[in-house]
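Data block below; observations after.
As the structure is a prediction and not an experimental result, all values here were calculated from the model.
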Amino acid sequence: MGKFSKLLLLFFIPFLSWAQEVKVDGYFMQDSAKLGERVGYVLKASYPEQKQLIFPDSLYDFSPLVLLEKKTFISNTIGGITSDSTVYFVSNFSLEPSVFLALPVYELVRYDSITHFPLEAELKLKLTLDSIPEQPVFQENNVYQPLEKEFNWIVVGALIGGILLLLLIFYFLFADRIKRMWRDRNQKRRWNQFEKKWIKKTTLLTQQPSLELADEVQGIWKAYMESLTKLPFQEWTSSEIGEELDDPEVFKALRTIDLIIYAGGSEKSDEATSYLLKLAREKHLEKLKEMKHARATS
C-alpha cells in the first residue's frame, strides 16, 4: 500500500507543479484603431496566492504606443489561486500597418525577479482615407480658435504678495495721518449734521413754542457739546453748565428754554438758540484747532 501511494504521488507531481505556474494573458480590447484613438489593453495574471507579482507602471516604455491611463482592479483569490487584471489605455501614433504589444508581469523572488510575458497582441491601424489626392483641397476657415491658457498661479501669487506688501508699507507710513484725516472728516461731518438739525428745530421752536420742541432742542445741543468736550452735559442742569463753562450767557440761554419746558412759557427763543449755536461753533473750531496742533507736534 505504501509503494502504491508513492507511485501515485510521483504520477501527480507534474500536474501539481503545472497548477502552481504563473499564467499571463494580454490582449487589446479591439483589433484596430485610428491614429491617436484611445484603446484599452487588458493584462491578466493568475498565480498561487503565496507569490507576489507586480504589473508595469507609467515608467514602462510603451513605445510606439503612448500610455494615457492605467486602471487596476481588486485581486480575487479562489482555491489558492489569485487573479489580477489591469487595463492600460493607450494611443497609437505610428504609421505602421500594425503594432504589437506584450507587457511583462514581474514575479518577485528572494533575491531577484522573474519576468513573465504574454503572447504579443496586435493592433492594426485603421485608415480614414483610402488614398491622399495629389492636390489636396483645404477648406477655408478664417475663424480663430481660442487656445486654452493654463492659469499661472505663481505669477498671481507673486502679484497678490506684492500688493499686500505695498499695502503693509503704506499702512505703516501713513496710518497715523489717515486716522487723523478721518477724525477731522468725522468731526466736520458731525458739525454739519448738528447745524442742519439745530436750525430746523430752532426755527420750529420760534414759530410754535412747545414743551416737546424745547426739550428736543436742549437735548440736541447738550448731546453735541458732550461729544465735543467729553463732559456730562446731558446730566448737568443749566446752572451747572454755566458754572462749568464760566459763561453767564449760557445759563441765560438755557434758562429761556427751561421756562418753555417747565413753565409752559412762550418766550422768544431766537437770541437764546443763536447764542447756543454760536457757542457750539466756537467749541467745534477749538476742537479742530486742537486736532491740527496734535498733527503738527506728532
Side-chain angles (χ1 to χ4, degrees), residues 1-128 147-158:
M1 185 68 180
K3 292 182 178 179
F4 178 76
S5 299
K6 291 179 180 179
L7 290 173
L8 188 64
L9 179 62
L10 291 173
F11 177 77
F12 279 106
I13 282 176
F15 295 96
L16 292 173
S17 62
W18 176 82
Q20 298 298 314
E21 290 181 355
V22 176
K23 297 180 180 179
V24 180
D25 187 20
Y27 57 88
F28 286 105
M29 299 176 69
Q30 57 192 69
D31 58 359
S32 62
K34 298 177 183 178
L35 197 68
E37 183 180 352
R38 178 186 173 100
V39 181
Y41 175 84
V42 180
L43 183 61
K44 294 182 178 179
S46 58
Y47 53 93
E49 62 178 336
Q50 67 270 17
K51 294 181 179 292
Q52 185 176 2
L53 270 65
I54 297 177
F55 283 41
D57 57 13
S58 59
L59 298 178
Y60 185 81
D61 184 10
F62 288 81
S63 59
L65 301 172
V66 176
L67 178 65
L68 302 177
E69 181 186 358
K70 176 184 176 183
K71 186 175 183 181
T72 58
F73 299 89
I74 300 176
S75 301
N76 184 28
T77 302
I78 299 177
I81 301 298
T82 300
S83 298
D84 275 337
S85 61
T86 301
V87 179
Y88 298 86
F89 292 96
V90 296
S91 288
N92 176 29
F93 294 96
S94 173
L95 295 178
E96 296 295 328
S98 295
V99 293
F100 298 88
L101 183 63
L103 293 182
V105 175
Y106 305 99
E107 177 186 350
L108 300 182
V109 294
R110 186 172 182 181
Y111 299 109
D112 201 354
S113 64
I114 302 173
T115 304
H116 301 274
F117 282 97
L119 295 177
E120 284 188 330
E122 180 183 10
L123 180 65
K124 297 179 180 179
L125 178 62
K126 183 187 296 184
L127 297 175
T128 56
L147 298 178
E148 294 184 3
K149 296 182 179 180
E150 186 177 354
F151 197 74
N152 197 328
W153 289 104
I154 297 177
V155 175
V156 173

Checklist entry - In Å and rounded to the nearest 0.5 Å, what is the CD1 to OG distance from Ile74 to Ser85? => result 10.5 Å
Checklist entry - Of all heavy-atom pairs between Pro64 and Val99, which one has the smallest distance, and what is that distance? => result CG-CG1, 3.8 Å
Item to check | Nearest-0.5 Å distance, CZ of residue Phe55 to NZ of residue Lys44 | outcome: 10.5 Å
Next on the checklist: Would you say that Val24 contacts Leu103 through its side chain, given a criterion of any heavy-atom pair below 4.5 Å between the two side chains?
Outcome noted: no
Next on the checklist: Checking Phe100 now: which residues fulfil ring-ring contact (aromatic ring centres under 6.0 Å, His included) with it, not counting sequence neighbours?
Outcome noted: none
Next on the checklist: Within this structure, what is the CG-NZ distance for the pair Leu43 and Lys70, rounded to the nearest 0.5 Å?
Outcome noted: 9.0 Å
Checklist entry - Looking at side-chain heavy atoms only, is the closest gap between Tyr27 and Pro118 below 4.5 Å? => result no
Next on the checklist: Quick one: does any side-chain atom of Thr77 pair with a main-chain N or O of Thr82 as donor and acceptor, under 3.5 Å?
Outcome noted: no
Checklist entry - Would you call the rings of Tyr41 and Phe28 parallel, tilted or perpendicular if under 30° counts as parallel and over 60° as perpendicular? => result perpendicular
Item to check | Pairwise distance NZ(Lys51) to OG(Ser46) - rounded to 0.5 angstrom | outcome: 12.0 Å
Checklist outcome for this item: One should read off an interatomic distance between Phe93 CZ and Glu37 CD, to the nearest 0.5 angstrom, of 11.0 Å
Next on the checklist: Ignoring hydrogens, what is the shortest heavy-atom contact between Ser98 and Glu122? Give both atom names and the distance.
Outcome noted: OG-OE2, 2.8 Å
Item to check | Residue pair Glu96 / Leu125, side-chain heavy-atom distance below 4.5 Å | outcome: no
Item to check | Over 12 foreign heavy atoms within 6.0 Å of NZ, Lys71 | outcome: no
Next on the checklist: Do Asp84 and Leu53 make a side-chain contact, defined as non-hydrogen atoms from C-beta onward lying under 4.5 Å apart?
Outcome noted: no
Next on the checklist: Any non-hydrogen side-chain atom of Ile114 less than 4.5 Å from a side-chain atom of Val109?
Outcome noted: yes
Next on the checklist: How close do Ser94 and Asn92 get, counting heavy atoms only, and between which atoms?
Outcome noted: N-OD1, 2.9 Å
Next on the checklist: Please report the interatomic distance OG(Ser113) to CD(Gln52), rounded to the nearest 0.5 Å.
Outcome noted: 11.0 Å
Next on the checklist: So which atom in Gly40 and which in Val87 form the shortest heavy-atom distance, rounded to 0.1 Å?
Outcome noted: CA-CG1, 4.2 Å
Checklist entry - Which heavy-atom pair separates Pro104 from Tyr60 by the least distance, and what is that distance? => result CD-OH, 3.4 Å
Next on the checklist: More than 12 heavy atoms of other residues, nucleotides or ligands under 6.0 Å from CG of Leu119: yes or no?
Outcome noted: no
